Amino acid sequence: MGAGRVAAGATGGVRSGGMADRPGAEELLALAVDVATEAGQLALRGRAGTVAAESTKSSPTDVVTALDRASEALVAKRLLEARPDDGILGEEGADATGTSGVRWIVDPIDGTVNFLYNLPNWAVSLAAEVDGEVVAGVVYAPALGRTYTALRGAGAALDGTPLRVSAVESLDMALIATGFGYTVERRTAQINVLTRVIPKVRDIRRMGAASLDLCSVAAGTLDGYYERGLKPWDHAAGGLIATEAGAVTGGLDGAPGTEALYIAAPPAIFGFLVDLLAAEPRADRD
Ligand code: LIP
């Protein structure tokens with residue numbers, strides 16, 4: 001078992017479609033913790049040396065380092081060694097359908113810009129999806145020494161200690177995190193939204209890693225989080241951790257959280273945060 005520990009009181013039964021050999025979620029989580037820990041340790045060792053952007057994606061500031069790629073390659077190698085028939089989807093290109101009904105969703109270094117600048121808020125995010133539903137997730141933050149885990153229906157934990165969202169009762173007292181895209185157009189639209197949010201909440205935080213923002217909502221060290229532009233690997237594990245800690249997650253108009261908008265908050269303020277974000281003119285959503 002890696003540095004992390006699985007959620008307290010985990011139950012593992014994942015049974016679907018008579019696939020009696022389908023592994024339990026607890027078994028998938030244990031594998032995820034081991035693999036994420038090994039990949040995170042690889043990245044942490046690399047961070048001790050020189051780290052530079054190896055390429056860019058949507059803009060010159062949307063960087064990829066060699067360690068993003070090395071982390072994802074290690075995750076894919078270890079998972080397919082253990083479970084060769086599984087699928088995988090990764091931020092840096094891993095993409096296999098698999099035949100087992102299990103698909104792994106990985107962000108090999110979430111918070112890449114933080115990693116590049118040697119800021120500690122970055123993580124390996126790894127989730128196990130069974131028949132399209134995430135059942136287990138781990139977010140391992142090596143520089144912070146934290147392992148967040150969750151099993152669907154069995155709670156969320158930080159280093160084995162159960163997590164619970166904050167008891168915030170009103171939006172005007174809520175500490176809300178968000179993030180911004182990498183293009184000028186997207187960032188301009190996001191600032192327009194932020195100018196409407198800031199007067200209505202306690203304060204804003206922008207910490208640079210969606211998975212850790214979601215884990216902070218789970219831990220109650222944030223009262224809520226929203227962001228437009230997230231990919232499945234940004235929120236697959238962190239979204240389960242937040243949900244299992246008592247958060248509501250979703251998008252606008254009762255939709256699930258998607259790239260269009262991903263929101264996570266305790267039930268007491270979730271609807272108010274959705275209403276605040278929905279108040280934006282539609283032109284700002286494009
Ligand atoms: C990051 C997200 C973060 C977002 C950043 C970036 P990456 O993911 O976790 O929430 O604001 O712009 O997308 O690219 O570091 O894996």
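Counting starts at 1 for both ligands and their atoms, following the listed order. A quick note: this is a predicted structure, and the numbers were derived from the prediction, not measured. Position 1 is the first residue of the sequence; numbering continues from there.
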By side-chain contact (heavy atoms from CB on, under 4.5 Å), Ala245 pairs with (sequence neighbours left out) Ala156, Leu163, Val165, Ala218
*Give a yes or no on whether a salt bridge exists between Glu72 and Arg69, defined as a side-chain N under 4.0 angstrom from a carboxylate O.*
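No.
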Practice prompt. Side-chain contact test, heavy atoms from C-beta onward, threshold under 4.5 Å: evaluate it for Asn118 versus Val51 and give yes or no.
Written response: no
Q. Tell me, which pairs form a side-chain hydrogen bond (donor to acceptor under 3.5 Å, both in side chains) where one or both residues lie in residues 211-220, sequence neighbours left out?
A.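 As it turns out, the side-chain hydrogen bond (donor to acceptor under 3.5 Å, both in side chains) pairs with a partner in residues 211-220, which skip direct neighbours, are Asp110-Ser211.
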Check your understanding: Salt bridge check: are Lys57 and Glu92 linked by an N-O gap of less than 4.0 Å?
Key -> yes
The protein residues that pass the under-4.0 Å heavy-atom test against ligand 1 are Glu91, Asp107, Ile109, Asp110, Gly111, Thr112, Gly179, Phe180, Tyr182, Arg206, Gly208, Ala209, Ala210, Tyr225, Glu227, Asp234
- Query: In the hydrophobic clustering that connects Ile, Leu, Val, Met, Phe, Trp and Tyr at side-chain heavy-atom distances below 4.5 Å, which members other than Leu89 occupy its cluster, ordered by chain and number?
  - Reply: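 Cluster partners of Leu89: Ile105, Trp233.
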